[in-house]
Trainee: 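Have a look at the structure that comes next, please.
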Amino acid sequence: MTVLAASAGSAAAGGTATHAAGGVTNLVQSVDWLAIAPPTIAAVFALIVLVTDLFVSERRKPLLGWLSVLGLVLAGLSLLPLLKGDRSTFCLTAHPEVCSYEADHFAIVIQLLVLGGALLTALLSINPIKDQKLPGGEFWFLLLSSAAGAALLPASRDLATLVIALEVASLPAFALVGIKRDDRLSSEAALKFFLSSVAATAVMLLGVSFVYASTGSLHLAQVADALTHTDPRLDVLAKAGVALTLVGFAFKTAAAPFHFWVPDTYVGAPLPVAAYLSVVGKAVGFSGLIVVTVKAFPSYSDVWGPVLAVLAALTMTVGNVAALRQRPDRAHSAVRLLAWSSVGQAGYLLVPIASAAYADDAAHAIGSTVAYALMYAAVNLGAFAVAALVARTHPGNRIADYRGLYAAHPVYALALGFFLLCLAGLPPGIIGLFAKVTVFSAAVDAGLAWLAVVMAVNVVIALYYYLQWTAVLFRAPEGAPEGAARPARPRIPAPLATAVGLTALAGIALSGAPQLVLRFASGALL
């Protein structure tokens, strides 16, 4: 931080503090602490949890979970002052308009998604950590550290900070996946996740080095300007750098063919961690992808536009077809279906980003992706929350285990049914329908009619497995005669009930005013 502050400054909080004093330029500049508050608060609480864990008895370890919840709430509240306008910091002294960190509207929306997703993950994790005897101090430290990196990434405006933020978000996630130390599935999932991610990061770093060699800068604004007049001898190198840089972010979005780690990782990880990866992990990948394509590589849209369009079509098709093949009686089939569903949803999220390469209004196209991501985050976390509820009595978490859920827990069955209908894009999940129509329109407006057709086919495929799971919820339990008395309801932990309630309220609120979601998401990215 000291090194960065010595070479960079805050454009919003007092601007550039460089001045000449006796002919000597002062490079010490102020830092806009308000702008960097969201990731900073999460990081500070991670350190507080780590130190507190050393002095807290085993009986009081659950307090660390509530301390983490408090940290995430405060980090989220720190976004409120940033809504008044764009702020930036860590800027070049010679070019104060070129900064490494910008808290613009796009960054704030993604940070809200990230911190909200991490908060719901924390609520889902409080009881499983106690019940499964997981190391609480390590878990909360890793979760907060990953959330700090994920909150840093959408505001990063140079390639070095982007890579660092991506790794800060990813490295703790590897440990979270493998935190069940005596579980073979957990260890295998963590190893597969780690090796594939390291390979993708290595390729991305190679791409970043190519871009730097071609442009002579790492700041996105300067990279974008330099790529418009690249030396013809470096044109191939620049195009290769652009393509390779996208690989790392494509891996984080679980875009095919970089999706192979998803199902095994989700099954092997603790269920709250799988929920975290499905939402926050994707937010990291998509925000990074948006930032580098739209802000750093707009002049190379002829390179990344067609690539992302093909990836979108391939990803949604692979994800939906694989989800369609899940057998209800297979162990962990519910989690596997959510995993493959998340791959399919990633394909839909890629459509507007690809469309931005062809559209006249790239900001509107990107707004469609952000709006869809907000919908997906709320309802997918809700589906995982209900899955965590079912896992308390059915550790196998098969789709067949959800039969009779309405008889045992009518409110939670209705909530899961609502979440699945939102993901399918059917009423009463209005926000899901609106989000899909918005994405579909972005493809049509950009002239990608073939991609819109592929998306329409995939939406129909997805309807089958979402509706099939929804129907299971309302069937009578196996062996129970029609009209039998409702079984006794087991006690539901308050944090889990709160997580389901918050996601259901978010889904209902978003369905009530879907146009406001798109307006909120379509901030000034460009």
Side-chain angles (χ1 to χ4, degrees), residues 72 110 113-125 128 134 139-140 142-151 153 165-180 183 185-198 200-201 248-256 258-289 315 319 323 332 334-346 349 373 376-385 387-388 391 397 423 499 503:
L72 291 168
I110 299 299
L113 190 159
V114 165
L115 295 172
L119 175 61
L120 290 169
T121 301
L123 292 173
L124 291 179
S125 304
L134 299 178
F139 183 93
W140 298 115
L142 292 168
L143 178 64
L144 289 168
S145 298
S146 180
L153 192 140
L166 183 64
E167 292 310 297
V168 171
S170 301
L171 291 175
F174 304 149
L176 286 172
V177 170
I179 202 165
K180 294 190 289 185
D183 190 306
L185 286 177
S186 181
S187 300
E188 290 181 0
L191 183 62
K192 180 178 290 188
F193 186 24
F194 173 75
L195 293 177
S196 53
S197 181
V198 167
T201 301
F249 295 108
F251 170 86
K252 292 299 176 186
T253 61
F258 311 106
H259 69 287
F260 51 85
W261 58 275
V262 173
D264 290 342
T265 299
Y266 282 28
V267 169
L271 204 55
V273 176
Y276 178 82
L277 292 176
S278 73
V279 171
V280 178
K282 275 190 172 49
V284 168
F286 279 104
S287 58
L289 200 60
T315 301
H332 307 293
V335 178
R336 285 188 177 275
L337 190 146
L338 287 174
W340 285 114
S341 164
S342 73
V343 174
Q345 298 287 342
L349 285 162
Y376 169 77
V379 299
N380 205 61
L381 280 170
F384 268 102
N397 221 322
L423 290 171
T503 51

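Nothing here was measured: the structure is a model prediction, and the numbers come from that model.
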Trainee: Hey, are the side chains of Leu349 and Thr253 touching, using non-hydrogen atoms and a 4.5 Å cut-off?
Mentor: no
Trainee: Of the non-hydrogen atoms in Ala169 and Val284, which two are nearest, and what is the gap between them?
Mentor: CB-CG2, 4.2 Å
Trainee: Quick check for you: to the nearest 0.5 Å, what is the distance between Leu134 atom CG and Trp140 atom CH2?
Mentor: 10.0 Å
Trainee: Could you pull out the closest heavy-atom pair between Phe384 and Ser278, with the gap in Å?
Mentor: CE1-OG, 3.5 Å
Trainee: The criterion is side-chain contact (heavy atoms from CB on, under 4.5 Å); which residues satisfy it with Ala391, sequence neighbours excluded?
Mentor: Leu271, Asn397
Trainee: Using modelled atom types only, decide if a donor and an acceptor are shared between the side chain of Ser146 and the backbone of Val168 within a distance under 3.5 Å.
Mentor: no
Trainee: How long is the gap from CG on Leu144 to CG on Leu115, to the nearest 0.5 Å?
Mentor: 10.0 Å
Trainee: Report the distance from atom CG of Leu337 to atom NE2 of His332, rounding to the nearest 0.5 Å.
Mentor: 14.5 Å
Trainee: Using the side-chain hydrogen bond (donor to acceptor under 3.5 Å, both in side chains) criterion, which residues pair with Ser170? Sequence neighbours excluded.
Mentor: Lys252
Trainee: Do you know which two heavy atoms are closest between Ala283 and Ile110, and how far apart they sit?
Mentor: O-CG2, 4.4 Å
Trainee: Which pair of non-hydrogen atoms, one from Ala254 and one from Trp261, has the smallest distance, and what is that distance?
Mentor: CB-CZ2, 4.3 Å
Trainee: For Val177 and Leu277: C-alpha separation, side-chain torsions, deciding distance, then whether side-chain contact (heavy atoms from CB on, under 4.5 Å) applies.
Mentor: CA-CA 9 Å; Val177 170; Leu277 292 176; 3.8 Å; yes
Trainee: For Thr315, what residues pass the side-chain hydrogen bond (donor to acceptor under 3.5 Å, both in side chains) criterion, not counting sequence neighbours?
Mentor: none
Trainee: With sequence neighbours left out, which residue pairs that include part of residues 262-282 fulfil the salt bridge (charged side-chain N to carboxylate O under 4.0 Å, His left out) condition?
Mentor: Lys192-Asp264, Asp264-Arg336
Trainee: With sequence neighbours left out, what residues match Tyr266 under side-chain hydrogen bond (donor to acceptor under 3.5 Å, both in side chains)?
Mentor: none
Trainee: I'd like to check the side-chain hydrogen bond (donor to acceptor under 3.5 Å, both in side chains) partners of Ser145; sequence neighbours left out, ordered by chain and number.
Mentor: none
Trainee: Of the non-hydrogen atoms in Pro263 and Trp340, which two are nearest, and what is the gap between them?
Mentor: CG-CZ2, 3.5 Å
Trainee: Who pairs with Ala147 by side-chain contact (heavy atoms from CB on, under 4.5 Å), at least two apart in sequence or on another chain?
Mentor: Leu72, Ala118, Tyr276
Trainee: Can you name the nearest heavy-atom pair linking Gly319 to Val343, along with the distance?
Mentor: CA-CG1, 3.8 Å
Trainee: Would you say Pro128 and Pro272 make side-chain contact, with heavy atoms under 4.5 Å?
Mentor: yes
Trainee: Which residues pass the salt bridge (Lys or Arg N to Asp or Glu O under 4.0 Å) test with Glu167, sequence neighbours left out?
Mentor: none
Trainee: In Å and rounded to the nearest 0.5 Å, what is the CG to CG distance from Leu123 to Leu119?
Mentor: 5.0 Å
Trainee: Tell me, please, which residues at least two apart from Phe194 pass ring-ring contact (aromatic ring centres under 6.0 Å, His included).
Mentor: Phe174
Trainee: Phe139: what forms a side-chain contact (heavy atoms from CB on, under 4.5 Å) with it, not counting sequence neighbours?
Mentor: Ser125, Ile129, Leu143, Leu176, Ile179, Val273
